[in-house]
Structure formats: structure tokens, C-alpha cells
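First comes the structure, then the notes that go with it.
No experiment lies behind these values; they were computed from the predicted model shown. Basis for what follows: all heavy atoms, side chains included, without hydrogens, waters or symmetry-related copies.
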Amino acid sequence: AALRIHAALSATLRDARGRWLLGGKHRAAHSEWRLTGRHAGRVVNVVIDRLIVGLDGQRWIVDYKTGTHEGGQLGAFLAEEELRYRPQLQRYATLVRAAAPGPVRAALYFPLLGEFREVDLEGAGA
């Protein structure tokens, strides 16, 4: 586990997008941000890996994924992961908007793959 953590952190620091995620040039940034609120008629508790409010005011919810992908068709794998995690990110976005109304964008970040995948929050199940 320690080797995987070291590899993910090293890869993040080598990646421009990773440095942006961890950097301090944001209006606000929260890691492991806990929120409680209503979603789909239920009270839910969530922990958001990273929430960034950029200098432009744009809010990003980013969910880190430390898994790897072996073989080809990386694009297909990323598309499947987007579908898999979209409901979770939609739930997070609902709670973030309840705390402070306004637009929110979301993404999955795969440091070991060097991939940042924006997730369409208006997709299926929105």
C-alpha cells in the first residue's frame, strides 16, 4: 500500500493537472471535505476527496482514483469509470450546491494513469 501511495503522489507531482489540484493558487480548496445534506429524499453523509474554487470562481469536485488499467482501450475504461462514478459525483454536487448555489464541475483524476476525466453531471440519472 505504501508503494502505491508513493507512486500516486509522485505521479501527481509530475503531472501539471496534479500540481494544479494540490496547488495553493485557488480561492478555496478542501481535501476530504465532509458534508451532510439531503439527496433524493434522504439524508446523506459524503466525503469529497477534493473541492477547489478556482481564481475564476469555478468550483470543481475531484474524486481521486488510484487504480490502474492493464491492456488497451484506455478510453473505454475511462468512459466506464465515468458512468460508474457519475451518480456519486451528482450526489456530491447536489450537496455542494445546497451549501452555496451555483455551477459545479466534476472530474475523476487517475494519478497512476496520468488521466483527468471531466464527468458530465447532467448525464444519465441527473
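Proximity of a side-chain donor or acceptor of Q90 to a complementary backbone N or O of L121 within less than 3.5 Å is detected. Between the side chain of R59 and the backbone N or O of P103 there is at least one donor-acceptor pair closer than 3.5 Å. Between the side chain of N45 and the backbone N or O of T36 there is no donor-acceptor pair closer than 3.5 Å.
In this structure, L89 is not a member of the same hydrophobic cluster as W60, with clusters built from ILVMFWY side-chain heavy atoms closer than 4.5 Å. The hydrophobic clustering, which links ILVMFWY residues whose side-chain heavy atoms are closer than 4.5 Å, places L83 and Y64 apart. Tracing side-chain contacts under 4.5 Å through hydrophobic residues (I, L, V, M, F, W, Y), one never reaches L9 starting from F110; they form parts of separate clusters. Under the 4.5 Å side-chain contact rule for hydrophobic residues, L108 and L51 share a cluster. Taken together through direct or relayed side-chain contacts under 4.5 Å among Ile, Leu, Val, Met, Phe, Trp and Tyr, W20 and V53 form parts of separate hydrophobic clusters.
R34 and V47 make their closest contact through NH1-CG2, 3.2 Å (heavy atoms, listed as atom of the first residue, atom of the second, distance). Counting all heavy atoms, side chain and backbone alike, A29 lies closest to H26 at CB-CD2, 4.2 Å. Taking every heavy atom of both residues into account, D56 and R27 meet most closely at C-NH2, 4.2 Å. Between L112 and T66, the closest heavy-atom pair is CD1-O, 2.9 Å. Closest of all the heavy-atom pairs between E122 and D120 is N-OD1, 2.9 Å. Here the shortest heavy-atom pairing between A11 and P111 reads CB-O, 3.2 Å.
In this structure the side chain of F77 reaches within 4.5 angstrom of the side chain of E81, judged on heavy atoms. Put simply, the side chain of I52 reaches to within 4.5 Å of the side chain of R50, judged on heavy atoms. A 4.5 Å side-chain heavy-atom check between D63 and Q88 finds at least one atom pair inside the cut-off. Side-chain atoms of L21 and T12, non-hydrogen and from C-beta on, never get closer than 4.5 Å to each other. At least one side-chain heavy atom of L78 sits less than 4.5 Å from a side-chain heavy atom of E115.
Around atom CD of E32, more than 12 heavy atoms belonging to other residues, nucleotides or ligands sit under 6.0 Å away. For L3, the CG atom is loosely surrounded, since the number of other residues' heavy atoms within 6.0 Å does not exceed 12.
Taking the charged nitrogens against the carboxylate oxygens, E118 and R105 do have a contact shorter than 4.0 Å, which makes a salt bridge. Classification of E82 and R86 as a salt-bridged pair holds, one side-chain N sitting under 4.0 Å from a carboxylate O.
For W33 and Y92, the gap between ring centers reaches or exceeds 6.0 Å.
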**OP:** Tell me, with the steps shown, if L22 and L13 meet side-chain contact (heavy atoms from CB on, under 4.5 Å).
**Re:** CA-CA 8 Å; L22 297 179; L13 294 174; 4.3 Å; yes

Subject >> Candidate pair D15 and Y109, rule side chain to side chain donor-acceptor pair (under 3.5 Å), full reasoning >> reply: CA-CA 11 Å; D15 179 48; Y109 180 59; 2.8 Å; yes

